[in-house]
Amino acid sequence: RSQSLFNMAASISKTCIFNFSFRRAFLRSLRLRSCYHFSTSVCVASNSKDLLLQLGKRGIVKGAFPEESAYDQLPILLQSAPQTVYCGFDPTSDSLHVGNLLPLIALLHFQRAGHNVIALIGGATAQIGDPSGKTKEREALAQDTISTNVTGLRDSLQRVFTNHNLYYSSGQKLGTINVLNNLSWYKQGNVVEFVSTVGRHFRMGTMLSRHSVQSRLKSPEGMSLTEFSYQMFQSYDFYYLNQHYDCRIQLGGTDQLGNLMSGHDLIHKVTGEHVFGITVPLITTMAGDKLGKSAGNAVWLNRDKTSPFELYQYFIRQEDASVERLLKLLTFLPISEIEHIMEIHWKEPEKRIAQKRLAAEVTKLTHGKDGLETAKRCTHAFYHSSVKALEEMSEEELQELFREAPFCELLLESGTTILDMCRKAKAIPDGPKGYQMIADGGVWINQSQVNNPEQVLVVGQHILRNDLSLLRIGKKNFYIVKWLHI
């Protein structure tokens, strides 16, 4: 095996397939790959038996490429030794969203089966923009913005991976996880060298035939050369990971099939090796629209953009017709347990038992047990007018629950009245009108209606044990007051 790899390297070197730094990297990667192959071949991914079948039953695997060999060879490959599987995430925002959850969970299923997984952040390819599934070109991002987004995505990924390890691994032996940034192998590159070495393996006819290209060429806006070249860069990512990490499997949404095919073709042309692509379905809204930032309806995975409460409620609101499918896709619950949950659910669907379990599992994976407890406290406070839940909430949780609510800090002085608090918080107009609003019952403090403007504030009633007051004027205008003591 080792000798054949070096013979291949020598042959490619002579024909100048990769010049200068690319050729040196290519030779070095073959040496690394030879060592890597022998170190892992003695290990067998014992949990991989019927992995693809189980993922198929859950609806996680939509298809595989190349079709003529994937369904025969992939199961054998997965059972022969631990494999390396990767999925890419372009940092077009500073957080992942719910639409990214399924590829992440698919990676984790492979890790649970003993395989090594790579989450690749496209710090370089974000400067180009993936045209797949887009009706118009993305706006160009500044390098500073991309760097900030890379940090945000890394936080999203690592938090989900850590929570999975803490709450869902059940002591089983997991494969390794790497979070990489493709900027690390492009930042020293030369565009002429890249086009001359990598670009020569691509054929215009094939590139033009991709669905993502065809749909854009037929649109009024057309497609720029920048976007057209994206498939070349994503293909090289797969090639690079194949050479340096022995990666033979790429995961992607169904809209990524063209890019997966291009990566397969490049690797096969250069190395003669067979690699595979696996597609996962896109998570859609109840109306059938793709979830994602560009669709304008994103539910984010980072807390500063979508709170644990908002994420929890998003899944609580899912329709009965969707909940079983989402339990299979987005949780690690055994199918038999999901079927049992649905049996109980259908007896009293108004209790939304299945939705509550779905919301709890996704929130815990995304934000951990603390995040799930936050979501439950906010739910009780908001929907059940629970003073106890309000008292247990932190200042941060209260601000997350009422994102649009003004926040102010007031000094608690002896004799402070309801009218004093409302005026200092700028929640009511000055003069008789504000006084009358309270007297008419238009003000609530900590979810309880008040109607005496002159009443002195009572600790434990108007001021909670956590020194917070939730003030509501009318039906929807909330104010958060933090009390300071002398």
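Here the structure is a predicted model, which is why all the values come from computation and not from measurement. If you read the sequence from its start, that first residue is 1, and numbering goes on from there. Because only heavy atoms are used, hydrogens play no part in the values below, and waters and symmetry mates are left out as well, while side chains stay in.
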By the definition side-chain contact (heavy atoms from CB on, under 4.5 Å), identify the one residue from L311, T366, T374 that meets it with R303.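 Exactly one pass, corresponding to T374.
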Partner of L326 by side-chain contact (heavy atoms from CB on, under 4.5 Å), out of L102, L358, T331: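 Only one of L102, L358, T331 forms a side-chain contact (heavy atoms from CB on, under 4.5 Å) with L326, namely L358.
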Does any part of the side chain of [Y], heavy atoms only, come nearer than 4.5 Å to the side chain of [X], both counted from C-beta?
X: N259; Y: Y230; value: yes
X: L365; Y: V160; value: yes
X: L372; Y: Y167; value: no
X: T306; Y: H97; value: no
X: Q256; Y: L251; value: no
X: Q436; Y: K433; value: no
X: V150; Y: I146; value: yes

Closer than 3.5 angstrom, by distance alone: can the side chain of [X] be matched with the main-chain N or O of [Y] as a donor-acceptor pair?
X: Q250; Y: L260; answer: no
X: D467; Y: K482; answer: no
X: R352; Y: Q318; answer: yes
X: N163; Y: R159; answer: yes

A quick test of your reading: do over 12 heavy atoms of other residues, nucleotides or ligands sit less than 6.0 Å from [atom1] of [X]?
X: E67; atom1: CD; result: no
X: K305; atom1: NZ; result: yes
X: D440; atom1: CG; result: yes
X: R403; atom1: CZ; result: yes

According to the interplanar angle, ranging from 0 to 90°, do the rings of Y240 and Y236 count as parallel (below 30°), tilted (30 to 60°) or perpendicular (above 60°)?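 Ring orientation, 0 to 90° scale: tilted.
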Would Y312 and F309 satisfy ring-ring contact (aromatic ring centres under 6.0 Å, His included), going step by step from the backbone distance to the final call? CA-CA 5 Å; Y312 184 84; F309 166 73; 7.8 Å; no
Between E343 and K347, is there a side-chain N and carboxylate O pair less than 4.0 Å apart? no
Between K328 and E324, does at least one N-O distance fall below 4.0 Å, as a salt bridge requires?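 Salt bridge flag = yes for E324 with K328.
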Aromatic centroids of F233 and Y186 separated by under 6.0 Å: yes
Residues 406-425 side chain polar contacts: donor-acceptor under 3.5 Å, at least two apart:
residue: T416; atom: OG1; partner: E413; partner atom: N; Å: 3.4
residue: T416; atom: OG1; partner: E413; partner atom: O; Å: 2.7
residue: T417; atom: OG1; partner: L419; partner atom: N; Å: 3.4
residue: T417; atom: OG1; partner: D420; partner atom: N; Å: 3.1
residue: T417; atom: OG1; partner: D420; partner atom: OD2; Å: 3.0
residue: D420; atom: OD2; partner: T417; partner atom: N; Å: 3.0
residue: R423; atom: NH2; partner: G431; partner atom: O; Å: 3.2

Between [X] and [Y]: side-chain donor-acceptor atoms closer than 3.5 Å:
X: D320; Y: Q355; value: yes
X: R154; Y: N181; value: no
X: N182; Y: T125; value: yes

Is there a salt bridge (Lys or Arg N to Asp or Glu O under 4.0 Å) between E361 and R357 once you walk through the steps? CA-CA 6 Å; E361 294 294 320; R357 186 61 184 275; 3.0 Å; yes
Could you go through the side chain to side chain contact (heavy atoms under 4.5 Å, CB included) check for L180 and Y86 one step at a time? CA-CA 10 Å; L180 305 177; Y86 104 92; over 6 Å; no
